[in-house]
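Beneath this line is the structure, given in structure tokens, with notes to follow.
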Amino acid sequence: MSEGLSDGQRAALTAFCDAIVPSLEHDPDPTGLWARAASETVTPLALEGMLVALPDAAVRTGLIGLLEAIEGAGLSAAPDQGAREALINTVAGYSPEAAAGVHALIGMTLFLHYGAPDPRSGTNPTWEAFGYPGSPGL
């Protein structure tokens with residue numbers, strides 16, 4: 001099992017998470033749901049933990065390599081959200097394996113952003129917008 005991501009891999013992962021869950025202007029936004037990018041939550045850290053804990057080394061290496069490829073294609077330099085989404089879709093179009101990996105990363109990002117509690121508070125800041133009070137056991 002891998003010990004963690006390098007700084008460059010972590011930056012690629014954070015850029016990817018923010019491309020999937022960007023900060024958006026939306027009125028009204030009483031709970032900050034739309035304005036809160038993934039990097040403002042535990043999402044990137046939780047995704048890193050999920051990736052490095054994958055028991056299959058080939059899958060783990062492939063997904064991390066895919067993040068590096070997306071970043072290498074210019075994700076962080078993309079001028080706007082539309083360009084970031086187009087870049088991710090382009091990489092997903094390279095092969096069936098790339099598409100499966102991109103969709104796995106998207107699914108994990110969304111699952112963690114909207115579902116995972118912050119270990120410090122036991123809550124997730126998105127839950128308020130959905131009226132979810134959190135688990136009674138937390």
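All values derive from a computational prediction rather than experimental measurement.
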Is there a side-chain contact between [X] and [Y], using heavy atoms and a 4.5 Å cut-off?
X	Y	answer
Arg36	Ser23	no
Leu67	Gln9	no
Leu54	Asp56	no
Ile70	Val102	yes
Thr123	Glu128	no

Which distance, rounded to the nearest 0.5 Å, do you find between the [atom1] of [X] and the [atom2] of [Y]?
X	Y	atom1	atom2	value
Arg84	Asn89	CZ	CG	13.5 Å
Trp34	Leu24	CH2	CG	7.0 Å
Leu105	Met50	CG	CE	10.5 Å

Mind listing the closest non-hydrogen atom pair of [X] and [Y] along with its distance?
X	Y	answer
Thr41	Pro125	CG2-CG, 4.0 Å
Leu66	Ala98	CD2-O, 3.9 Å
Val52	Gly4	CG1-CA, 3.7 Å
Thr109	Phe16	OG1-CE2, 3.7 Å
Ala19	Ile88	CB-CD1, 3.7 Å
Thr43	Ala38	CB-O, 3.7 Å

Counting only N and O atoms by type, is there a donor-acceptor contact under 3.5 Å from the side chain of Glu48 to the main-chain atoms of Leu5? yes
Donor-acceptor under 3.5 Å (Asp29 side chain, Ala35 main chain): yes
Evaluate the side-chain contact (heavy atoms from CB on, under 4.5 Å) criterion for residues His113 and Cys17: first the C-alpha distance (whole Å), next the side-chain angles of each, then the deciding distance (0.1 Å), finally the verdict. CA-CA 9 Å; His113 184 75; Cys17 288; over 6 Å; no
For the pair Leu51 and Leu13, evaluate side-chain contact (heavy atoms from CB on, under 4.5 Å) and give the outcome as yes or no after the intermediate values. CA-CA 10 Å; Leu51 289 173; Leu13 180 140; 3.6 Å; yes
Does the pair Ile20 and Leu110 meet the rule for a side-chain contact (heavy atoms from CB on, under 4.5 Å), with working shown? CA-CA 8 Å; Ile20 302 306; Leu110 293 172; 3.8 Å; yes
For Asp80, is the CG atom crowded, meaning more than 12 foreign heavy atoms sit under 6.0 Å from it? yes
Does atom CZ of Phe111 have more than 12 heavy-atom neighbours from other groups under 6.0 Å away? no
Ring-plane angle category for Trp127 and Tyr132, please: parallel below 30°, perpendicular beyond 60°, tilted otherwise. perpendicular
